[in-house]
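Written below as structure tokens is the structure these notes are about.
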Number of protein chains: 2
Amino acid sequence: MTENESTLLQEHITRHHLKITNEREMVLRAFMEAERHVTAEELHDGMKRKGLAIGLATVYRTLNLFCQCGLAERRQFGDHHTRYELTYNVTHHDHLICTQCHQIIEFENLDIERLQEEVARRHQFTIYHHKLELYGLCVACNQKNAREKPDEPMGG
Amino acid sequence: MTENESTLLQEHITRHHLKITNEREMVLRAFMEAERHVTAEELHDGMKRKGLAIGLATVYRTLNLFCQCGLAERRQFGDHHTRYELTYNVTHHDHLICTQCHQIIEFENLDIERLQEEVARRHQFTIYHHKLELYGLCVACNQKNAREKPDEPMGG
DNA sequence: ATGACTGCAAACCTTTTGCATAGCG
DNA sequence: CGCTATGCAAAAGGTTTGCAGTCAT
């Protein structure tokens, strides 16, 4: 099943008279192995750490190519980095983002989606996509904070 | 009731040993009169167009001050601009964003909020804030498109 | 052989910062 | 007066682009 991403990319490349290169294959492999929601720089660093020689600009260009062919999508959470997420053959989901350890948890909730459609209908609006992000603290960070500053329940 | 924003700002200023300046009052007035979800540059342009002399850096610094005292919040929709929104004395709401005319419609839905809390609970996550953005076409753009290209119902 | 791809460095664009001057408290 | 604010221009930080050389087809 890992063939699918590669196939999609190759079809796009052929259709647009582009070329399959070593670099593009390298980035695709690294992208699929990397954590979801990587930045271009993280991916680039990871590749270099594995001894793969590639320029940062090429990583950016390749990730943007992935977005054009529907393999990936760009996300922007709080910080000023653009993150890329593999979305091909992946069902839609939303995100819980820990503002302390930056862990990202994915979830899906059809009831929420239904209510969103209802809101849209009420405003005669046609939804093409949406973004639901819940920011806060994960269990681990919550417990860690309780341990470290037990007498500051409400902050200063 | 328009006094409240000014009062909040003044309290913050006094508490932090800052100073009330002409520039800060100008920006506050312009900010309250401006469209919600302005960028710093839009606000700056608008002020200059009214003959108010102020530097862009000061506008940025002042909007950031507003965020610190709870008067405003930063938002980042699709583009790479930071938008500032007056949030003092405004109940929480989410956004419908027309990707064609860039109109922004605000809405609130307590059922969705409740479901969000449920999701968080299930993941033992504590939500501090969230962001729900529905992207698509508003009625006007939808109708306009239907009129202009009636024989392209599914696109190419 | 043509035309796309790569790496590098420079350019870009929005936002922030350093510095000298102006002005609130 | 001391200390904060301002304006300008320069810096910063992430992303894109121009160019000369390389490589896929």
Side-chain angles (χ1 to χ4, degrees), chain A residues 6 9-31 37-48 51-69 72-85 102, chain B residues 6 9-31 37-48 51-69 72-85 102:
Chain A
S6 177
L9 179 60
Q10 287 187 29
E11 281 173 11
H12 179 89
I13 283 182
T14 310
R15 202 175 328 120
H16 293 262
H17 310 287
L18 306 180
K19 292 175 179 171
I20 293 173
T21 64
N22 242 314
E23 285 81 357
R24 286 177 175 171
E25 290 177 341
M26 274 160 47
V27 175
L28 178 58
R29 216 170 309 127
F31 183 52
H37 320 104
V38 267
T39 65
E41 211 160 2
E42 286 167 358
L43 199 61
H44 182 235
D45 286 354
M47 293 177 76
K48 287 221 302 197
L52 303 173
I54 192 169
L56 178 57
T58 301
V59 174
Y60 271 107
R61 284 188 278 230
T62 308
L63 287 171
N64 290 339
L65 176 66
F66 291 174
C67 291
Q68 283 159 29
C69 70
E73 277 177 27
R74 304 158 95 119
R75 310 245 177 263
Q76 315 219 31
F77 301 124
D79 53 12
H80 285 167
H81 289 74
T82 299
R83 295 183 174 277
Y84 295 81
E85 178 178 339
H102 303 104
Chain B
S6 179
L9 180 59
Q10 287 186 29
E11 282 173 9
H12 178 89
I13 284 182
T14 310
R15 202 175 328 120
H16 293 262
H17 310 286
L18 307 180
K19 293 172 183 178
I20 295 172
T21 64
N22 241 315
E23 284 82 357
R24 286 176 176 172
E25 290 177 341
M26 276 160 46
V27 175
L28 178 58
R29 216 171 306 128
F31 183 52
H37 320 102
V38 268
T39 65
E41 209 159 5
E42 286 167 358
L43 199 60
H44 182 236
D45 287 352
M47 294 177 75
K48 287 220 301 195
L52 303 174
I54 192 169
L56 178 57
T58 302
V59 174
Y60 271 107
R61 283 188 278 229
T62 308
L63 287 172
N64 289 339
L65 177 67
F66 292 175
C67 292
Q68 282 157 29
C69 71
E73 278 177 27
R74 304 158 95 119
R75 309 243 178 264
Q76 314 219 36
F77 302 124
D79 53 12
H80 285 169
H81 290 75
T82 299
R83 295 183 176 277
Y84 295 81
E85 178 179 339
H102 303 105

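Note on naming: letters A, B, ... go to the chains in the order of the sequence lines (proteins, then strands), and numbering restarts at 1 for each one. None of these values were measured; they are calculated from a predicted model.
For DNA chain D, the neighbouring residues in residues 61-69 of chain B, judged by any heavy atom under 4.0 Å, are B/Arg61. Of the residues in residues 23-31 of chain B, none lies under 4.0 Å from DNA chain C by heavy-atom distance.
Distance CD (B/Gln76) to C1' (C/dC13): 14 Å, rounded to an integer number of Å. A straight line from CG of A/Leu52 to C1' of C/dT6 spans 15 Å, rounded to a whole angstrom. Rounded to whole angstrom, the span from the NE2 atom of B/His81 across to the C1' atom of C/dC13 amounts to 8 Å. We find that CD of B/Glu41 is positioned 10 Å from C1' of C/dT15, with the value rounded to whole Å. To the nearest angstrom, C1' of C/dA4 lies 18 Å from CZ of A/Arg15.
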What's touching nucleotides 22-25 of chain C from the protein side, N or O pairs under 3.5 Å?
unit_1 : atom_1 : unit_2  : atom_2 : d
C/dG23 : N2     : B/Lys19 : NZ     : 2.8
C/dC24 : O3'    : B/Ile20 : O      : 3.4
C/dC24 : O2     : B/Lys19 : NZ     : 2.8
C/dG25 : OP1    : B/Ile20 : N      : 3.0

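Shown here are the side-chain contact (heavy atoms from CB on, under 4.5 Å) partners of B/Phe77, two or more places apart in sequence or in another chain: B/His37, B/Arg75, B/Arg83, B/His95, B/Ile97, B/Ile104, B/Glu133, B/Tyr135. By the side chain to side chain donor-acceptor pair (under 3.5 Å) test, A/Gln76 pairs with B/His80, sequence neighbours left out.
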Using atom types as modelled, flag every donor-acceptor pair under 3.5 Å from a side chain in residues 57-67 of chain A to any protein atom, sequence neighbours excluded.
unit_1  : atom_1 : unit_2  : atom_2 : d
A/Thr62 : OG1    : A/Thr58 : O      : 2.6
A/Asn64 : OD1    : A/Arg74 : NH1    : 3.1
A/Asn64 : OD1    : A/Tyr84 : OH     : 3.1
A/Asn64 : ND2    : A/Tyr60 : O      : 3.4

Donor-acceptor pairs under 3.5 angstrom involving side-chain atoms of residues 11-31 of chain B: please list them, not counting sequence neighbours.
unit_1  : atom_1 : unit_2  : atom_2 : d
B/Thr14 : OG1    : B/Gln10 : O      : 2.8
B/Thr21 : OG1    : B/Arg24 : N      : 3.2
B/Arg24 : NH1    : B/Lys19 : O      : 2.8

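Protein chain A contacts DNA chain D from D/dG14 to D/dT25, reading 5' to 3' and using non-hydrogen atoms of the protein with a distance under 4.0 Å.
Scanning both residues, B/Leu9 and B/Cys69, for their nearest heavy atoms gives CD1-SG, 4.0 Å.
Residue B/His80 has no polar side-chain atom (N or O) positioned under 4.0 Å from OP1 or OP2 of C/dT14. Dashed line: the shortest gap from a side-chain N or O of A/Thr58 to OP1 or OP2 of C/dC5 is not under 4.0 Å. For C/dT15, the OP1/OP2 oxygens have a side-chain nitrogen or oxygen of B/Tyr60 closer than 4.0 Å.
Taking CG of B/Leu52 as the reference point, atom NE2 of B/His44 lies at 10.0 Å (rounded to 0.5 Å).
Note that the two end axes of the helix from C/dA1-D/dT25 to C/dG25-D/dC1 enclose an angle of 30°, each drawn from 5 base pairs, rounded to 10 degrees.
Using a 4.0 Å heavy-atom cutoff across all strands shown, A/Thr39 reaches no nucleic acid atom at all.
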